[in-house]
Amino acid sequence: MNIFEIYLEKILKLIKLANEDNLLELPENLSGVNVDIPPSKFNCDMSTNVGMVLSKANNKPPLEMAEMIANIIKKNDDQIEEIKIEKPGFINLKFKIVFWNNFLKSIINKNNYGSKKVDNPKKFLVEFVSANPTGPLHVGHCRGAILGDVISNLLKFNNHNVTKEYYVNDFGNQILYFTKSVYLRIREILYKEKFPIDDKDLYPGDYLIDIAKNLIDQNKDINFNNFESISNELTRLSVKESLKLIKFNLNNLGISHDNFISEANIVKNKEVDEVVEKLKKNQFVYLGKIKAPEGEENENWVEREQLLFKSTEFGDDKDRALQKSDQSWTYFASDVAYHNTKLKKNFDILINILGADHAGYIKRITSAVEALSGEKNKLICKVGQLVKLIKDGKPFKMSKRKGDYITVEDLINEVGKDATRFIMLNRSNDVELDFDFTKVKEKSKDNPLYYVQYCYARISSVFRNLNKNINDEISIVNFDFNYSEDEVKIFKKISQWPTCVEVATDKLEPHRIPVYLYELSSEFHAYWNMGKDDKTKRFIDQNNEIEDSKIVLLKIISKVIKNGMNILGVDTPDKM
RNA sequence: GCGCCUGUAGCUCAAUUGGAUAGAGCGCUUGGCUACGGACCAGGAGGUUCUGGGUUCAACUCCUAGCAGGCGCACCA
């Protein structure tokens with residue numbers, strides 16, 4: 001139920017009919033015609049540019065063209081109160097109240113108002129977080145985690161099929177150092193050998209001590225004397241422990257994945273060999289050398305002959321190595337294999353959420369997916385830009401050395417899940433984000449979360465005072481209310497919700513949702529305050545009764561807020 | 001040197017995927033609580049949308065050449 005789409009269809013139909021009657025000419029394509037939300041100052045409900053788009057083909061000035069089409073529209077719609085032509089050639093429509101009553105009637109008991117009916121739902125795979133399993137998540141991981149979760153929610157809200165996946169990098173050097181660190185912590189506990197805290201390759205964090213303790217307690221039968229003999233088993237156990245921490249953190253954030261895919265398994269199952277063979281067959285792989293980047297000093301650069309993937313054929317600046325000099329696979333190679341397994345599962349679209357520091361990786365992995373699938377936009381990568389932490393008005397930097405990491409657990413304990421999610425989502429993922437601890441905790445207008453939640457809480461309080469349940473269906477037969485301009489203003493905002501959801505989904509830009517919810521809340525708070533001077537704007541009268549028209553108004557707003565907040569994964573408390 | 005992201009009010013950011021006189025919050029300033037929840041609202045000041053070209057009925061938006069900031073640029077992950 002997107003009234004703008006419906007009206008666009010109506011207009012297109014009318015001009016096509018007019019064309020058949022030889023009243024006007026049509027341009028080659030009509031895709032430029034749209035029905036828009038007019039700027040508020042024009043005091044109308046919808047506007048269309050159809051006059052301007054058709055002016056050329058008809059050799060008439062836009063204003064004249066608009067005038068002509070406006071007459072056609074007016075003749076064919078008895079719900080129009082006023083139709084006006086504005087300067088460059090816009091046609092502005094204002095509807096009678098019956099139009100809005102019909103609109104309200106059509107959405108009042110819909111549970112998924114705003115979701116788009118898609119004829120053929122698609123299968124999406126969203127890969128996000130995928131942080132190395134070497135410890136708990138920290139604040140830096142949050143943005144991408146929340147972004148991926150909400151993008152998944154948006155797709156689901158629009159009836160698509162979504163699988164959420166976490167790629168576990170439980171293979172390679174980092175994991176080896178991680179396992180070694182756990183081992184040394186174990187020896188520290190068992191044999192009082194001091195942990196070499198200055199070794200830069202090792203992981204110094206205190207959480208490793210806990211992992212070590214757990215492993216000692218749970219594995220009485222293991223002899224921790226010889227690293228070589230137990231390293232495989234120890235890796236498995238250590239990764240399992242840190243995944244426990246990660247899942248706990250994700251749970252803190254209200255996030256759950258459908259699958260955790262192990263890199264080690266992909267390598268073990270010869271998926272990498274398979275995918276490299278496939279690429280070889282299609283001539284995307286060759287033996288060659290990579291040149292050192294220019295402008296950067298590289299005394300240590302050594303040119304080596306190695307197995308390369310021709311990512312330059314897809315726009316990358318250099319070809320990428322698949323094999324290390326010791327013949328083992330690179331991270332990239334196993335990631336290509338991982339993506340090949342995604343393709344084998346027949347997803348329509350793959351989405352990866354990455355952090356800003358991995359943006360340089362996008363070209364090569366999209367190249368690989370294109371080479372494997374033959375499709376250009378099979379894989380879409382979204383980047384969450386950096387989050388700048390601010391505490392007491394000052395930038396706060398985390399340091400691995402000092403161990404002053406802010407973990408997700410700390411964050412949630414301090415500011416809560418809802419505030420974290422809402423604030424991180426309130427900005428476009430492409431801009432850097434200031435995350436100010438003091439402001440995020442503030443319960444005021446400075447904090448958009450509470451502004452929106454307060455809106456819902458106020459509506460709830462009205463229902464509470466009336467002894468009604470906000471979740472009950474509304475059964476009103478007669479939708480002929482005489483709403484005022486101030487109320488219609490809110491309906492106009494409500495009518496824009498489907499467009500907001502659609503754009504947010506198509507562009508994978510969740511920030512549009514909180515921005516919209518804030519605006520809607522603002523309209524509501526403004527209306528609420530009108531009730532102070534104007535009793536007709538109050539919801540409950542002296543006899544503790546409420547008119548049906550007001551119930552409808554409240555119900556619709558609360559539903560949109562609730563739907564929106566559900567997409568964001570943020571609660572809407574009845575009381576605050 | 002190359003790639004990606006960003007540049008909009010004093011500050012932090014929006015702008016319906018090319019629309020009309022570019023909008024919010026903070027800050028500044030003037031007002032509003034005997035009140036369905038003041039965690040709120042109404043008004044005012046504040047702009048050459050980084051710069052120069054181009055595309056068209058129309059450009060913050062697209063193209064192009066620059067400038068500035070961020071991130072990245074090995075067989076790490």
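Naming convention: chains lettered A, B, ... in sequence-line order (proteins, then strands); numbering from 1 in each chain.
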### Task
Give a yes/no answer on whether the side chain of A:K550 brings an N or O atom under 4.0 Å of OP1 or OP2 in B:C36.
no

### Query
Counting only distance, no hydrogens or angles, is the base of B:A20 paired donor-acceptor with the side chain of A:N92 under 3.5 Å?
yes

### Task
For A:I290, answer base if it contacts any base atom (sugar-phosphate contacts may also be present), sugar-phosphate if it contacts only those atoms, and nothing otherwise; contact means non-hydrogen atoms under 4.0 Å.
sugar-phosphate

### Query
What interatomic distance, in whole Å, is found between C1' of B:A9 and the corresponding atom of B:U29?
16 Å

### Task
Provide the distance between the two C1' atoms, one in B:U48 and one in B:C60, to the nearest whole Å.
13 Å

### Task
Would you tell me whether A:Y527 and A:E487 have side-chain atoms, one donor and one acceptor, within less than 3.5 Å of each other?
yes

#### Entry: Between B:U21 and B:A59 - P atom distance, rounded Å
10 Å

### Query
Is A:T499 near enough to B:U16 that one of its side-chain N or O atoms lies under 4.0 angstrom from OP1 or OP2?
no

### Task
Inspect the contact between A:K94 and A:E485 and indicate whether a charged nitrogen and a carboxylate oxygen are less than 4.0 angstrom apart.
yes

### Task
Starting from the 5' end of RNA chain B, give me the residue, A:L433 or A:D36, whose nearest nucleotide shows up first.
A:L433

### Query
Going by number, which of residues 130-141 of chain A have a non-hydrogen atom under 4.0 Å from RNA chain B?
A:N132

### Query
Distance between the C1' atoms of B:U51 and B:C67, in whole angstroms?
7 Å

### Message
Quick check for you: among B:G38, B:U16, B:A35, whose closest atom lies nearest to any side-chain atom of A:R538?
### Response
B:A35

### Query
Which pairs count as salt bridge (charged side-chain N to carboxylate O under 4.0 Å, His left out) when at least one residue sits in residues 313-326 of chain A, sequence neighbours excluded?
A:K310-A:E313, A:D316-A:R320

### Task
Name all residues meeting the side-chain contact (heavy atoms from CB on, under 4.5 Å) criterion together with A:L63; count only those two or more places apart in sequence or in a different chain, and write none if there are none.
A:I85

### Query
With the threshold set at 4.0 Å, does a side-chain nitrogen-carboxylate oxygen contact exist between A:D574 and A:R464?
no

#### Entry: Pair A:T134-A:N132, side-chain donor/acceptor within less than 3.5 Å
no

### Message
Can you give me the closest heavy-atom contact between A:C500 and A:Y516, atom names plus distance?
### Response
SG-CB, 3.6 Å

### Task
Would you confirm whether A:D541, through its side chain, and A:N543, through its main-chain N or O, come within 3.5 Å as a donor-acceptor pair?
yes

### Query
Listed by chain and number, what are the ring-ring contact (aromatic ring centres under 6.0 Å, His included) partners of A:H511, not counting sequence neighbours?
none

### Query
Which value, in whole Å, describes the distance between the C1' atoms of nucleotides B:U12 and B:G18?
27 Å

#### Entry: N/O donor-acceptor pair, side chain A:S428 with base B:A14, under 3.5 angstrom
no

### Task
Please measure how far the C1' atom in B:C26 lies from the corresponding atom in B:U64, and state the result in whole Å.
37 Å

Grab the N/O contacts between the protein and nucleotides 55-60 of chain B below 3.5 Å, and write none if there aren't any.
from, atom 1, to, atom 2, distance (Å)
B:C57, OP1, A:K56, NZ, 2.7
B:C57, OP2, A:K56, NZ, 3.4

Donor-acceptor pairs under 3.5 angstrom involving side-chain atoms of residues 260-268 of chain A: please list them, not counting sequence neighbours.
from, atom 1, to, atom 2, distance (Å)
A:S262, OG, A:D170, OD1, 3.4
A:S262, OG, A:D170, OD2, 2.7
A:S262, OG, A:A264, N, 3.2
A:S262, OG, A:N265, N, 3.0
A:E263, OE2, A:S334, OG, 2.6

#### Entry: Stepwise side chain to side chain contact (heavy atoms under 4.5 Å, CB included) check, A:F90 with A:D36
CA-CA 10 Å; A:F90 287 100; A:D36 268 333; 5.6 Å; no

### Message
Using the side-chain contact (heavy atoms from CB on, under 4.5 Å) criterion, which residues pair with A:D418? Sequence neighbours excluded.
### Response
A:L449, A:Q453, A:V570, A:D571

### Query
Under 4.0 Å: is that the gap between some side-chain N or O of A:N447 and OP1 or OP2 of B:G25?
no

### Message
Would you say A:W528 places a side-chain N or O within less than 4.0 Å of OP1 or OP2 belonging to B:A35?
### Response
no

With 3.5 Å as the limit, what N/O pairs link the protein to nucleotides 70-72 of chain B?
from, atom 1, to, atom 2, distance (Å)
B:G70, O2', A:E432, OE2, 2.6
B:C71, O2', A:A356, O, 3.0

### Query
Quick one, which residues of residues 506-516 of chain A touch RNA chain B with a heavy atom under 4.0 Å?
A:K507, A:H511, A:R512, A:V515

### Summary
Of the candidates B:A20, B:A77, B:C40, the side chain of A:Y331 sits closest to B:A77

### Task
Just jot down the side-chain contact (heavy atoms from CB on, under 4.5 Å) partners of A:K382, sequence neighbours excluded, or say none.
A:I151, A:I353, A:N429, A:L508, A:E509

### Task
In whole angstrom, give me the gap between the C1' atoms of B:C57 and B:G69.
37 Å

### side-chain contact (heavy atoms from CB on, under 4.5 Å) partners of A:E370, counting only residues at least two apart
A:F314, A:K376

### Query
So which nucleotide does B:G72 pair with, by the Watson-Crick or G-U wobble rule with both distances under 3.5 Å?
B:C2

### Query
Looking just at side-chain N and O atoms, do A:S238 and A:T179 make a donor-acceptor pair shorter than 3.5 Å?
no

### Query
Nearest of B:A24, B:G19, B:C40 to any side-chain atom of A:N34?
B:G19

### Query
Can you name the residues that form a salt bridge (charged side-chain N to carboxylate O under 4.0 Å, His left out) with A:R421, not counting sequence neighbours?
A:D149

### Message
Let me spell it out: for each of A:T48 and A:S461, pick the nucleotide of RNA chain B with the closest heavy atom. Which residue's pick is nearer the 5' end?
### Response
A:T48

### Task
Look at the side chain of A:V431 and decide which nucleotide, out of B:C13, B:C40, B:G19, has an atom nearest to it.
B:C13

#### Entry: Phosphate contact (B:C76 OP1 or OP2) by A:K324 side-chain N/O below 4.0 Å
yes

### Message
Partner lookup for B:U16, please. Criteria are Watson-Crick or G-U wobble with both distances under 3.5 angstrom; report none if nothing qualifies.
### Response
none

### Query
Looking only at atom C1', what distance separates B:U49 and B:U6, rounded to whole Å?
14 Å

